[in-house]
Trainee: 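I'd like to ask you about the structure that follows.
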Amino acid sequence: MSRVHCWWWWLNGNVTKEAITRDLEAMKAKGMGGANIIDAAHASQNENRKPPHGPDFASPAWCEMFVHALREAERLDLELGFNIQSGWNLGGPSVTPHHAAKEITWSKIVVEGGKLLQMELPQPETRNDYYCDISVLALPLPADKELSLARVDNYRQKAYHDYPGNFIAADATHLLEVGESEGEVVVDRSAIQDLTDKLGAHGQLEWDAPPGRWLILRFGYTPSGAHVSTSSDNWKGLAIDYLDAGAFEQYCDDVLTPILKVAKPYVGKSLKFLHTDSWELGPVNWTSALPDEFVSRRGYDLTTYLPVVAGYVVDDAETSNRFLADFRRTIAEMIADGKYRAFAKYAHERGLGIHPESGGPHAAPVDALLNLGLSDIPMGEFWARSRTHRVEDSARLFVKQPASAAHIYGKRLVMAEAFTTIGPHWEKDPRDLKPVFDQVACEGLNLVMWHTFDCSPIEAGYPGNAYFAGTHLNPQVTWWDQCDGFIGYLNRSQFLLQQGVPVSDVLYFYGENVPSFVRLKADNPALVPRGYDYDVVNLEVLAERATVNDGRIILPDGTSYAILVLPPSGHYGLAALREIARLADAGATIYGEKPAAPIGLIAEEEDRREFNQLAARLWGEKLIEPVRTRTALRRRGIEPDFSYSSLTDARLDYFHRQTNDSDIYFVVNRDAESKQVTASFRVDGRTTEIWDAVDGTITMATNAKVRGGRTEVELDLPAEGSVFIVLRDDPTPATRAGVERVATSNTSILGPWQVTFDPRWGGPEEPVQFDTLEDWSKSADPRIRYYSGTAIYEISLTHSGKLDTDEELWLDLGAVKNLARVHLNNTDLGVVWCDPPRVNVTDAIREGDNQLRIEVVNLWPNRLIGDAKLPRSERLTKTNIVRFANGDMPLLPSGLLGPVELVRMSPARAEQITGANGSIQSAPRAIAN
């Protein structure tokens with residue numbers, strides 16, 4: 001599965017068999033590996049109009065389209081998955097309140113005791129006319145009415161009535177802070193009266209109340225209000241209870257099993273995966289089985305602690321906060337079992353895999369790694385760069401988490417919903433997207449699920465129907481014919497990034513607090529120095545998969561780590577400490593602070609004593625020491641896996657995988673200007689090769705040097721460029737030797753150019769002569785100014801002078817808006833889509849006259865803006881996207897802007913090859929291709 005896959009949106013079910021076949025054939029032609037069907041309509045965002053409704057999701061007519069897609073995918077050898085509902089937040093019209101997502105709710109009333117009370121208790125807030133009682137508790141109030149019951153600090157977040165901070169993958173450390181309690185009087189748990197058996201069927205309470213004032217809390221549960229989002233018409237409804245496997249199984253009986261029955265000939269063949277999208281339910285915190293599960297999982301009854309969920313301090317503030325940690329942990333474990341374990345079981349029984357976005361990124365009450373470990377392909381998401389929405393990396397990149405899950409659970413693939421946006425439409429090109437892919441590849445991504453590929457029937461026009469979010473890619477985008485350049489880059493990169501096992505020196509245990517998320521690589525919770533990588537691990541993997549060999553922590557699939565780093569005190573409990581002790585006693589190198597206390601409540605005194613004794617022994621005998629990761633690595637003599645030096649400031653990132661006979665490093669220049677660096681790798685004794693995923697070439701790094709057990713390579717990295725350094729036992733067959741070259745002459749191609757536009761998209765009927773290269777958007781001719789699509793630049797050029805041995809000739813296009821395919825003498829030299837904007841013409845150019853043809857394509861906005869100024873009957877475009885409807889947005893620079901030059905590259909003399917560690921080079925150099 002090294003080929004790009006895509007979200008294939010069936011917008012409001014509005015698809016046709018013809019559009020399905022066209023899309024799948026187009027995917028195949030451009031080297032894509034498959035798609036995941038998502039039936040959905042739109043979320044408002046004021047971005048689009050909802051397309052006309054097609055067949056209802058899961059109806060016979062919809063299933064006919066679905067089976068047609070599976071049949072065509074089998075014919076084309078493509079893999080399909082599908083979202084098992086319309087929209088997201090799993091649910092739909094068949095979900096009853098009984099099986100819906102739930103929350104705890106309560107009412108309260110103050111009464112005077114010392115008499116028999118016969119009264120109707122107020123029913124707590126209720127949704128969907130569905131309510132069930134949990135318990136009724138009476139709390140003694142202070143006799144002095146001036147005094148109030150103490151309140152738990154931030155209880156609404158700690159009990160998951162509200163998201164804990166930002167709605168996106170919040171750091172939840174603050175949920176473990178006791179904080180300051182408001183109020184003066186703490187409720188003694190032993191004084192709480194359980195009145196549940198005194199409550200009648202209709203809320204009538206009969207209680208012989210002891211003297212004094214009492215606060216009666218009536219606890220129950222009701223639907224949380226979570227509902228299906230962004231669905232097609234006629235698929236509205238409640239979201240299921242993710243804590244209840246029975247709710248998931250009922251949904252499958254009602255919806256999923258009938259679909260798979262119709263698709264049976266293709267299940268496990270062209271239909272490979274089932275999917276549900278990211279958590280956007282909002283907070284949920286109850287299910288009917290929670291009390292029994294709490295006893296089973298935590299070892300004590302929660303009933304008399306329920307007032308803490310309502311914000312009242314029971315016994316003391318620390319005890320109350322410990323209970324809430326247990327409460328959240330139980331919810332997380334029940335979500336893992338009730339939704340994702342049940343999902344995996346259902347799929348596997350039918351020969352299918354799953355790749356739900358089960359780790360958030362909304363701040364769900366989950367142990368994200370636990371959920372993702374149940375997936376066949378752990379999946380996250382990442383967003384394209386934006387100035388208006390999800391601007392910060394912390395709000396748009398969620399890949400380190402599925403990468404860690406894949407690495408610790410032994411999964412080869414790390415997938416993500418890719419290039420999501422809200423705001424831009426048809427305004428991103430591969431040059432914009434490549435740096436984002438490169439960044440998340442350094443976090444561990446190795447399989448793109450492109451968001452989004454809209455299935456738009458031909459009747460919907462061009463650009464056609466489009467989803468409100470995502471970077472659009474389908475045969476209706478202007479640069480579809482040129483997209484194979486970028487798709488090829490992604491496929492080649494993904495192939496290499498899927499080889500072998502990942503290499504990281506540090507394993508960070510993120511504890512048992514809930515929610516538990518792994519966010520950015522740059523968050524770096526283990527404080528790993530630059531040049532090293534890390535993974536994050538949860539308790540399940542420590543307990544069930546981790547062993548020790550020669551001081552290293554080993555996982556069954558071959559991944560290993562030199563050091564285990566522990567979270568702060570109070571983030572884990574006895575079960576975790578037992579596993580940490582097992583690893584330490586086996587010789588693992590472990591660092592972290594000594595825990596003063598466990599997370600949560602420990603019911604048995606014997607267990608509390610064991611926790612304290614284990615901590616005292618492990619730290620007392622210095623099996624674990626409280627030192628920083630940098631010091632720990634130095635003590636172990638572990639050098640950086642990757643380092644670099646440069647005469648100028650440089651910002652590089654990397655990712656490393658290892659096979660039996662190769663080390664594969666992906667090296668990325670994160671700066672928007674070219675960099676010359678000396679890169680150093682913690683490998684020696686292997687042949688060094690440079691694999692360029694942009695054009696697929698492999699060259700021998702003849703400038704590689706081995707020093708002190710490391711391999712050093714001089715690299716010239718383009719602006720936001722990338723390269724694979726592959727160190728192998730045996731060289732790749734037919735690999736060419738790399739030759740250092742410098743530019744020895746530049747010849748400008750000035751024009752005049754004959755430029756042919758497509759009149760079907762408003763361009764001039766006849767070719768136009770450009771005496772100099774110009775920006776279409778600044779043309780006085782509206783046919784050019786508002787043009788979107790491909791224009792063909794043609795010119796005859798004379799080449800004189802033979803190339804010497806080892807000389808090369810390159811065509812540099814300068815600035816291109818946005819992509820260009822180059823032909824010289826009818827030889828297709830490929831697509832220019834990223835920096836440097838050049839192609840090698842050495843083999844295509846000839847003495848004398850040469851015919852140069854450059855197909856330049858821009859983006860849709862200029863035509864959409866121009867059309868908005870025209871009467872509807874004269875418009876060439878048609879779409880449901882309304883972003884350009886007013887015609888007042890600025891036009892985008894477009895066309896071949898140059899300067900266009902022929903650059904002769906000659907072998908460098910010794911004094912010209914110095915690079916990052918010495919004197920200045922006379923001219924930029926290039927590795928031979």
Trainee: Who are the ring pair (Phe, Tyr, Trp, His ring centres under 6.0 Å) partners of F273, not counting sequence neighbours?
Mentor: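 In terms of ring pair (Phe, Tyr, Trp, His ring centres under 6.0 Å), with neighbours along the sequence ignored, F273 is linked to H355.
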Trainee: Determine whether V856 and Y793 make a side-chain contact, defined as any pair of heavy atoms from C-beta on separated by less than 4.5 Å.
Mentor: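 Yes - at least one pair of side-chain heavy atoms lies under 4.5 Å apart.
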Trainee: Please tabulate, for the side chains in residues 884-895, all donor-acceptor contacts under 3.5 angstrom to protein atoms that are two or more places apart in sequence or on a different chain.
Mentor:
| unit_1 | atom_1 | unit_2 | atom_2 | d |
| --- | --- | --- | --- | --- |
| S894 | OG | N858 | ND2 | 2.9 |
| S894 | OG | N862 | ND2 | 3.2 |
| S894 | OG | L892 | O | 3.0 |

Trainee: Show, in sequence, the C-alpha distance, side-chain angles and deciding distance for S231 and K236, and conclude whether the side-chain contact (heavy atoms from CB on, under 4.5 Å) test is met.
Mentor: CA-CA 7 Å; S231 66; K236 310 302 178 185; 3.2 Å; yes
Trainee: Applying the salt bridge (charged side-chain N to carboxylate O under 4.0 Å, His left out) test to D781, which of K778, R785, R783 qualifies?
Mentor: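 It is R783, the one option of K778, R785, R783 that forms the salt bridge (charged side-chain N to carboxylate O under 4.0 Å, His left out) with D781.
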Trainee: Holding to side chain to side chain contact (heavy atoms under 4.5 Å, CB included), I want the full list of residues that pass it with C834, two or more places apart in sequence or in another chain.
Mentor: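 Checked C834 against side chain to side chain contact (heavy atoms under 4.5 Å, CB included); matches are K434, V694.
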Trainee: If the threshold is 4.0 Å, N to carboxylate O, is there a salt bridge linking R821 and D828?
Mentor: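 Looking at D828 together with R821, the answer is yes, because their closest N to O distance falls below 4.0 Å.
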Trainee: With side chain to side chain donor-acceptor pair (under 3.5 Å) as the test, pick out the partner of W8 among D454, N83, D23.
Mentor: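 Output: one option passes, namely D23.
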Trainee: Angle between ring planes, Y467 versus W88, binned at 30° and 60°: parallel, tilted or perpendicular?
Mentor: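 The rings of Y467 and W88 stand perpendicular, inter-plane angle above 60°.
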Trainee: List the atom of A58, the atom of C63, and the distance in Å for their closest heavy-atom pair.
Mentor: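 A58 and C63 have their closest heavy atoms at O-SG, 3.7 Å.
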Trainee: Just so I know, are the side chains of R863 and D867 near enough to count as touching, which here means a heavy-atom distance under 4.5 Å?
Mentor: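 A side-chain contact under 4.5 Å exists here.
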Trainee: Name all residues meeting the ring pair (Phe, Tyr, Trp, His ring centres under 6.0 Å) criterion together with H425; count only those two or more places apart in sequence or in a different chain, and write none if there are none.
Mentor: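 Partners of H425 by the ring pair (Phe, Tyr, Trp, His ring centres under 6.0 Å) criterion, ordered by chain and then number, come out as H472.
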Trainee: For the pair Q851 and N826, evaluate side-chain contact (heavy atoms from CB on, under 4.5 Å) and give the outcome as yes or no after the intermediate values.
Mentor: CA-CA 8 Å; Q851 299 303 312; N826 295 319; over 6 Å; no
Trainee: Checking side-chain contact (heavy atoms from CB on, under 4.5 Å) for the pair I168/R390: CA distance, chi angles, key distance, verdict?
Mentor: CA-CA 10 Å; I168 295 175; R390 305 282 186 108; 3.6 Å; yes
Trainee: Once you measure the plane-to-plane angle for F82 and W62, does it fall in the parallel (<30°), tilted (30-60°) or perpendicular (>60°) bin?
Mentor: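 F82 and W62: tilted rings.
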Trainee: So do the side chains of V477 and N474 get within less than 4.5 Å of each other, counting heavy atoms only?
Mentor: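 Yes, close enough: below the 4.5 Å cut-off.
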Trainee: Any idea which heavy atoms bring A466 and L11 closest together, and the distance?
Mentor: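 Scanning both residues completely, I find the closest heavy atoms to be C-CD1, 3.5 Å.
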Trainee: Output all residues satisfying side chain to side chain donor-acceptor pair (under 3.5 Å) with E855, sequence neighbours left out; order by chain, then residue number.
Mentor: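 Result, side chain to side chain donor-acceptor pair (under 3.5 Å) vs E855: H823, R853.
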Trainee: Please identify each residue that fulfils side chain to side chain donor-acceptor pair (under 3.5 Å) with S779, with sequence neighbours left out.
Mentor: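 Testing S779 for side chain to side chain donor-acceptor pair (under 3.5 Å), a comparison that skips the adjacent residues, returns none.
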Trainee: Hey, is K28 close enough to E25 for a salt bridge, meaning N to O under 4.0 Å?
Mentor: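 No.
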Trainee: Tell me the closest heavy-atom pair linking V228 and G92, and the distance in Å.
Mentor: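 Minimum heavy-atom contact is CG2-N, 3.4 Å.
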Trainee: Please name the pair of heavy atoms, one in K50 and one in A41, separated by the smallest distance, quoted to 0.1 Å.
Mentor: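 Closest approach of K50 to A41: CD-CB, 3.9 Å.
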Trainee: My understanding is that only residues two or more places apart in sequence, or in another chain, count here; which of them pass side chain to side chain contact (heavy atoms under 4.5 Å, CB included) with N491?
Mentor: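 Partners of N491 by the side chain to side chain contact (heavy atoms under 4.5 Å, CB included) criterion, ordered by chain and then number, come out as R3, V4, I487, Q494.
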Trainee: Tell me whether the centres of the aromatic rings in W7 and H275 are closer together than 6.0 Å.
Mentor: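 When the ring centroids of W7 and H275 are compared, they turn out to be within the sub-6.0 Å range.
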Trainee: State, with a plain yes or no, whether a side-chain heavy atom of Q769 is found less than 4.5 Å away from one of D771.
Mentor: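 Yes - at least one pair of side-chain heavy atoms lies under 4.5 Å apart.
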Trainee: Check salt bridge (charged side-chain N to carboxylate O under 4.0 Å, His left out) between D393 and all other residues, then give those that pass, not counting sequence neighbours.
Mentor: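 With neighbours one apart ignored, the set is R396.
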Trainee: Looking at W480, W761, W479, which hits ring-ring contact (aromatic ring centres under 6.0 Å, His included) with W860?
Mentor: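 Option passing the ring-ring contact (aromatic ring centres under 6.0 Å, His included) with W860: W761.
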Trainee: May I ask you to test the E427-T421 pair for a side-chain heavy-atom distance under 4.5 Å?
Mentor: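 No. Closest side-chain heavy atoms not under 4.5 Å.
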Trainee: Can I854 and V816 be said to form a side-chain contact (heavy atoms from CB on, under 4.5 Å), step by step?
Mentor: CA-CA 11 Å; I854 306 173; V816 182; over 6 Å; no
Trainee: Listed by chain and number, what are the ring pair (Phe, Tyr, Trp, His ring centres under 6.0 Å) partners of W833, not counting sequence neighbours?
Mentor: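 Here the qualifying residues are F486, Y489.
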Trainee: Please report the closest heavy-atom contact between W235 and G91, naming both atoms and the distance.
Mentor: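 Nearest pair, atom of W235 first, then G91: NE1-O, 3.0 Å.
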Trainee: Only counting residues at least two apart or in another chain, list the ones meeting side chain to side chain donor-acceptor pair (under 3.5 Å) with D671.
Mentor: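 In terms of side chain to side chain donor-acceptor pair (under 3.5 Å), with neighbours along the sequence ignored, D671 is linked to R651.
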Trainee: Strictly by modelled atom types, are S229 and N89 linked by a side-chain donor-acceptor pair under 3.5 Å?
Mentor: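 Result is no, nothing qualifies.
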Trainee: Considering non-hydrogen atoms only, spot the tightest contact between F398 and P402 and give its length.
Mentor: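 Scanning both residues completely, I find the closest heavy atoms to be O-CD, 3.6 Å.
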Trainee: Got Q482 and T790 here, is their nearest side-chain heavy-atom distance under 4.5 Å?
Mentor: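 The answer is yes, as the side chains (C-beta and beyond) meet within the 4.5 Å cut-off.
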Trainee: For F419, what residues pass the ring pair (Phe, Tyr, Trp, His ring centres under 6.0 Å) criterion, not counting sequence neighbours?
Mentor: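 If we apply the ring pair (Phe, Tyr, Trp, His ring centres under 6.0 Å) test to F419, skipping adjacent residues, the hits are F382, W450.
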Trainee: Would you say that D39 contacts F66 through its side chain, given a criterion of any heavy-atom pair below 4.5 Å between the two side chains?
Mentor: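 In short, these two side chains do not touch, never coming nearer than 4.5 Å.
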Trainee: Using a strict 4.0 Å threshold on nitrogen-to-oxygen distance, state whether R385 and E720 make a salt bridge.
Mentor: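 Salt bridge between R385 and E720, a charged N being under 4.0 Å from a carboxylate O: yes.
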Trainee: Could you tell me which residues satisfy side chain to side chain donor-acceptor pair (under 3.5 Å) with N465, sequence neighbours excluded, listed by chain and number?
Mentor: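 Once residues adjacent in sequence are excluded, N465 has no partner under the side chain to side chain donor-acceptor pair (under 3.5 Å) criterion.
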Trainee: Less than 4.5 Å apart, side chain to side chain, heavy atoms only: is that true for V255 and I84?
Mentor: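 No; the side chains remain at least 4.5 Å from each other.
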